Amino acid sequence: MISSIKATVPTATINGSDSIFRKRLLSPTQRSLFLPPLQVDSSSKSEFSLSRPLHISNVSCFEPVRVQKSLIKCKAYEAEQSQPIEREEAKSAAAQKVKIGIYFATWWALNVVFNIYNKKVLNAYPYPWLTSTLSLACGSLMMLISWATRIAEPPNTDLEFWKTLFPVAVAHTIGHVAATVSMSKVAVSFTHIIKSGEPAFSVLVSRFLLGETFPLPVYMSLVPIIGGCALAAVTELNFNMIGFMGAMISNLAFVFRNIFSKKGMKGKSVSGMNYYACLSILSLLILTPFAIAVEGPQLWAAGYKTAMSQIGPQFIWWVAAQSIFYHLYNQVSYMSLDEISPLTFSIGNTMKRISVIVSSIIIFHTPVQPINALGAAIAILGTFLYSQAKQ
């Protein structure tokens, strides 16, 4: 742009070839969107002329005035409650922790109650095969009623599902009966001390039968498990070989149950509650003929008369309680697997054994030597270390 400004002529005229400025008289104080205001002395008059060229090096002042907009920080809120999303996420995480805590507390409480009533029944009625059968029958009946009344949604299963579940049910049946046989011969605390050695069986079976390898900390965690179980067994005052072997067989059976379950149930969309219900039904069908063959109705009838004469009608409540609580605590444990990680579950299982051991010692007044308690503590500590190293 070439222009000239001359401020000595008393009359304000505009000369130039630009058709816009030829016909328009500009006031010295008039504002324009294109030209900045000029400060003119009121005592003198100004004349603008385009006769002499004026080179302008900066045109920034000719740009229209731009309004600078301030940046506004926005935060997301829920439409209805007008609460920040971060606060809602924190509430959701807190609610999840409370839910998991309720699962654990319910799981431990139900397990403690089951073990107490189970031991009372076995002391008065020493027929573990029938007791195990009644536990599975009660749980199966509860779930069938729940499905029929739509309290629980029935699972969508097919023949392939039951085929893959069958080896799991066989291992579950063996482990359940073996643990019951163990508790009929020895103290509840001793059975659970030996059962805390299950991780050692898991590692050995996975290593020598499946060819799996584990890091060194996993193998090192087996030392206190095996050592603690051995120390507790040697110093047990009421040691019984059948009870000891029952707990050991239960450990081995439950290891195979977990292996079969992981291999066969991949991709199966069945909830934890329904999965255990199907497992109980199939285990019941497997166990019933063996229970009849091993013990039989004649022994059961004679034992019932003896128990009723010694305990009274309260014995029926004991049987019902141990059967109901057995199913409930297992159902809650399988339901918790849908909500927590395997590591958290392992830690919860370790704490469950501690609660069962301590409560059974208090309730049944089980005599415990200091060296025996030390062995139990070492074994449980090793189980905890194993769950940490395994992850």
Side-chain angles (χ1 to χ4, degrees), residues 96-97 99-112 115 168 171-172 175 179 188-233 247-248 250-263 265-266 272 275-276 329-360 373-391:
Q96 182 68 12
K97 292 181 179 180
K99 185 178 181 180
I100 293 174
I102 293 174
Y103 270 126
F104 274 177
T106 307
W107 178 22
W108 297 342
L110 293 173
N111 190 267
V112 169
N115 280 277
V168 183
H172 178 73
V188 176
S189 57
F190 180 71
T191 298
H192 280 274
I193 291 172
I194 301 303
K195 283 180 65 65
S196 64
E198 183 178 329
F201 287 87
S202 179
V203 172
L204 295 176
V205 170
S206 300
R207 177 66 183 89
F208 294 105
L209 295 183
L210 302 179
E212 296 183 10
T213 57
F214 300 93
L216 182 61
V218 173
Y219 293 108
M220 295 299 295
S221 67
L222 301 183
V223 176
I225 294 176
I226 298 174
C229 289
L231 182 61
M248 297 288 282
S250 178
N251 284 338
L252 187 61
F254 284 144
V255 166
F256 279 103
R257 180 193 65 178
N258 296 336
I259 292 174
F260 293 146
S261 181
K262 290 179 182 178
K263 285 191 172 184
M265 301 310 297
K266 288 183 178 180
Y275 177 80
Y276 180 72
Y329 101 77
N330 277 286
Q331 181 175 310
V332 171
S333 68
Y334 273 84
M335 290 172 62
S336 65
L337 281 173
D338 294 336
E339 305 290 338
I340 60 179
S341 65
L343 175 59
T344 306
F345 183 84
S346 298
I347 296 174
N349 195 40
T350 302
M351 300 303 295
K352 177 205 73 175
R353 296 207 184 279
I354 296 176
S355 62
V356 171
I357 291 171
V358 173
S359 61
S360 64
L374 178 61
I378 293 174
I380 294 174
L381 176 62
T383 304
F384 176 78
L385 295 176
Y386 166 82
S387 64
Q388 298 289 321
K390 189 66 162 39
Q391 297 298 321

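For the single chain, residues carry numbers from 1 onward in sequence order. Fair warning: this is a prediction, and the values are worked out from it, not measured in the lab.
In this structure, the separation between CD1 on I226 and CZ on F201 is 8.5 Å, given to the nearest 0.5 Å. Between the NZ atom of K352 and the CG atom of L110 there is a distance of 11.5 Å, given to the nearest 0.5 Å. With values rounded to the nearest 0.5 angstrom, L210 atom CG is found 4.5 Å from I259 atom CD1.
Here the closest heavy-atom approach between residue A200 and residue I225 is recorded as CB-CG2, 4.4 Å. Contact between C229 and S196 at its shortest, heavy atoms only, is SG-OG, 3.9 Å. Between A233 and I194, the shortest heavy-atom contact is CB-CD1, 4.4 Å. The shortest heavy-atom contact between A171 and F260 is CB-CD1, 4.5 Å. Nearest heavy-atom pair, F214 versus Y219, reported as atom, atom and distance to 0.1 Å: O-CE1, 3.0 Å. Heavy atoms only, all atoms of each residue included: K195 and S250 are closest at NZ-OG, 2.9 Å.
Not a single donor-acceptor pair under 3.5 Å links the side chain of N111 to the backbone N or O of W107. The backbone N or O of N330 sits less than 3.5 Å from a side-chain atom of S333, completing a donor-acceptor pair. For S221 (side chain) and L385 (main-chain N/O), no donor-acceptor pair under 3.5 Å exists by modelled atom type.
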Checklist entry - Taking it one step at a time, do V168 and Y275 satisfy side chain to side chain contact (heavy atoms under 4.5 Å, CB included)? => result CA-CA 11 Å; V168 183; Y275 177 80; 3.5 Å; yes
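Taking the side chain as every heavy atom from C-beta outward, R207 and V218 never approach each other to under 4.5 Å. Residues V112 and S359 form a side-chain contact, since some pair of their non-hydrogen atoms from C-beta on lies under 4.5 Å apart.
Below 30°, between 30° and 60°, or above 60°: for F254 and H172 the angle between ring planes is between 30° and 60°, a tilted geometry.
Qualifying side-chain contact (heavy atoms from CB on, under 4.5 Å) partners for I357, counting only residues two or more places apart in sequence or in other chains: S189, H192, I193, I361, I380. L209 is linked by a side-chain contact (heavy atoms from CB on, under 4.5 Å) to V205, F256, counting only residues two or more places apart in sequence or in another chain. For the side-chain contact (heavy atoms from CB on, under 4.5 Å) test, residues two or more places apart in sequence or in another chain that qualify with L204 are F208.
Looking at N251, V255, L252 one by one, the single match for side chain to side chain contact (heavy atoms under 4.5 Å, CB included) with S202 turns out to be V255.
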